Amino acid sequence: MKEITFNSIEGMRIGNSQKLNGPTGCTVLVFEEGASAGVDVRGGSPGTRETDLLNPVNLVDKIHAVVLAGGSAFGLDAAGGVMQYLEEKSIGFDVSVTKVPIVCGAVLFDLNIGDFRVRPDKTMGYEACKNSELNLCENGNVGAGAGATVGKILGNEHAMKGGLGTFAIQVGELKVGAVVAVNCLGDVIDSKSQSIIAGALNEDKKSFAGTEKVMLKRYSEKKNLFSGNTTIGAVVTNGNFTKTQMNKVASMAHNGYGRAIRPAHSMFDGDTIFAASCGKIEADLSVVGFLAAEVMEKAIVRAVKSADSILQYKSYKDL
């Protein structure tokens, strides 16, 4: 097993677009030949697009893009630009008069950092698709991670900068990779040391308060103390799988969230993972599932370690 770059997975390309005066942005995965895909939504506050299509009982069996974006529900507009780009390229589900691109997506909440009036829109989605032609593998304050923050239990003044992360591995001919925008309520954990590497800061802004400890102290408080969360991502493989099987891979990939984020899947996160198969390599589903969890975990850690400070938000690099 060896580490590879996420953008080396054939059948897919990735593009980012962002406005750091937001800051906010979007990340697009383009599958020109289509991909079998599944999804698993675990958080209690999701913002998504076209996830019902990924139910195995429904007709469409291939998608053509996944969009991850900031901007909360406003950010779903970015998918319009992706639709325009793909239709111009004659990519989509053939309905005789045109081809309708199948574009799935999820958004995270970053309106509370910087200028809330700057949001991913149709233009930004189109630009991300154009940038995907370069197929650059970027991490940190880019794309959907541009305005991402982590550890918000004590308020934004104690939060840290999150970001976009990628990670991929290869075993023989099989490739499995992940991209994730880390914008969680909780703390991010490095499994090697089992220590917090980003999260809610104490008053000294140098040490960690421990989100789960804070929540335990407040267990009897039922009011909504949390806002501005959600970690969204996608797993991609060159394995040959069906829509039903990719739903299982998306489910298993959430174990990566559980390992790297504490707590994960709260009622105030919209944690969502897409999974896409865009290749012809035969592989065992369970193997791809546990590899999906591993690459997702490592992509989350890379997102935090690659992020740079912005506005009042400290980054991992500062500590």
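Quick note: numbers below take in every heavy atom, side chains included, and nothing from hydrogens, waters or symmetry partners. Please read all numbers here as calculations on a predicted model, not as lab measurements.
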Here the gap from Leu164 atom CG to Asn141 atom CG, rounded to the nearest 0.5 Å, amounts to 10.0 Å
Check: Got more than 12 heavy atoms from elsewhere within 6.0 Å of NZ, Lys317?
Finding: yes
Notebook entry, point to check: Is any side-chain heavy atom of Asp52 closer than 4.5 Å to a side-chain heavy atom of Glu50?
Noted result: no
One should read off an interatomic distance between Ile113 CD1 and Asn156 CG, to the nearest 0.5 angstrom, of 8.0 Å
Looking just at side-chain N and O atoms, do Glu87 and Thr98 make a donor-acceptor pair shorter than 3.5 Å?
-> yes
d(Asn247 CG, Phe274 CZ) to nearest 0.5 Å is 10.5 Å
Exercise. May I ask you to test the Val28-Cys129 pair for a side-chain heavy-atom distance under 4.5 Å?
Key: yes
Distance col, row Phe6:CZ vs Asn139:CG, nearest 0.5 angstrom, shows 10.5 Å
From CA spacing to verdict: salt bridge (Lys or Arg N to Asp or Glu O under 4.0 Å), Arg42, Asp40:
CA-CA 6 Å; Arg42 296 278 180 97; Asp40 193 335; 3.1 Å; yes
### Electrostatic pair Glu3-Lys175, nearest N-O below 4.0 angstrom
no
Is atom OH of Tyr126 surrounded by more than 12 heavy atoms (other residues, nucleotides or ligands) closer than 6.0 Å?
yes
> Could you walk me through whether Tyr85 and Glu127 pass the side-chain hydrogen bond (donor to acceptor under 3.5 Å, both in side chains) check?
Replying inline: CA-CA 9 Å; Tyr85 174 88; Glu127 184 179 73; over 6 Å; no
### Message
For a 4.5 angstrom cut-off between non-hydrogen side-chain atoms, does Asp271 reach Ile232?
### Response
no
Would you say Glu173 has more than 12 foreign heavy atoms packed within less than 6.0 Å of its CD? no
* Are the side chain of Asn16 and the backbone of Val142 linked by a donor-acceptor contact shorter than 3.5 Å? -> no
Applied to residues 274-298, the salt bridge (charged side-chain N to carboxylate O under 4.0 Å, His left out) test, sequence neighbours excluded, yields Arg259-Glu297, Glu294-Lys298
Same apolar cluster: Ile4 and Val236, side chain cutoff 4.5 Å
no
| task | Applying salt bridge (Lys or Arg N to Asp or Glu O under 4.0 Å), run through Lys206 and Asp204 and close with a yes or a no. | result | CA-CA 5 Å; Lys206 297 179 180 179; Asp204 63 7; over 6 Å; no
(message) Could you check whether any side-chain heavy atom of Asn183 comes within less than 4.5 Å of a side-chain heavy atom of Thr149, counting everything from C-beta outward?
(response) yes
Practice problem: Say whether, by atom type as modelled, one donor and one acceptor occur between the side chain of Gln170 and the main chain of Gly172 under 3.5 angstrom. | Solution: yes
Discussion item. Salt bridge or not between Asp190 and Lys305? Use side-chain N to carboxylate O under 4.0 Å.
Written reply: yes
- prompt: Cation-pi between Arg119 and Phe74: NZ/CZ under 6.0 Å from ring centre and within 45° of the ring axis?
  reply: yes
Interatomic distance, OG@Ser90 vs CD@Glu32, rounded to 0.5 Å, equals 10.5 Å
His64 side chain to Ile102 backbone, donor-acceptor under 3.5 Å: yes
Notebook entry, point to check: Under 3.5 Å, side chain of Lys243 to main-chain N/O of Asn55, donor-acceptor pair present?
Noted result: yes
- Item | Atom CD of Glu157 with >12 non-hydrogen neighbours under 6.0 angstrom | yes
d(Ile196 CD1, Ser207 OG) to nearest 0.5 Å is 10.0 Å
Report task. Tell me yes or no: between the side chains of Asp110 and Thr24, is some donor less than 3.5 Å from an acceptor? Result -> yes
According to a 4.5 Å side-chain heavy-atom criterion applied to Ile, Leu, Val, Met, Phe, Trp and Tyr, with indirect links allowed, do Val95 and Leu53 form part of one hydrophobic cluster? yes
message = Under a plain distance cut-off of 3.5 Å, with no hydrogens placed, do Ser36 and Ser277 share a side-chain donor-acceptor pair?
response = no
All heavy atoms of Asn135 vs all of Arg13, minimum pair found to be OD1-CA, 3.1 Å
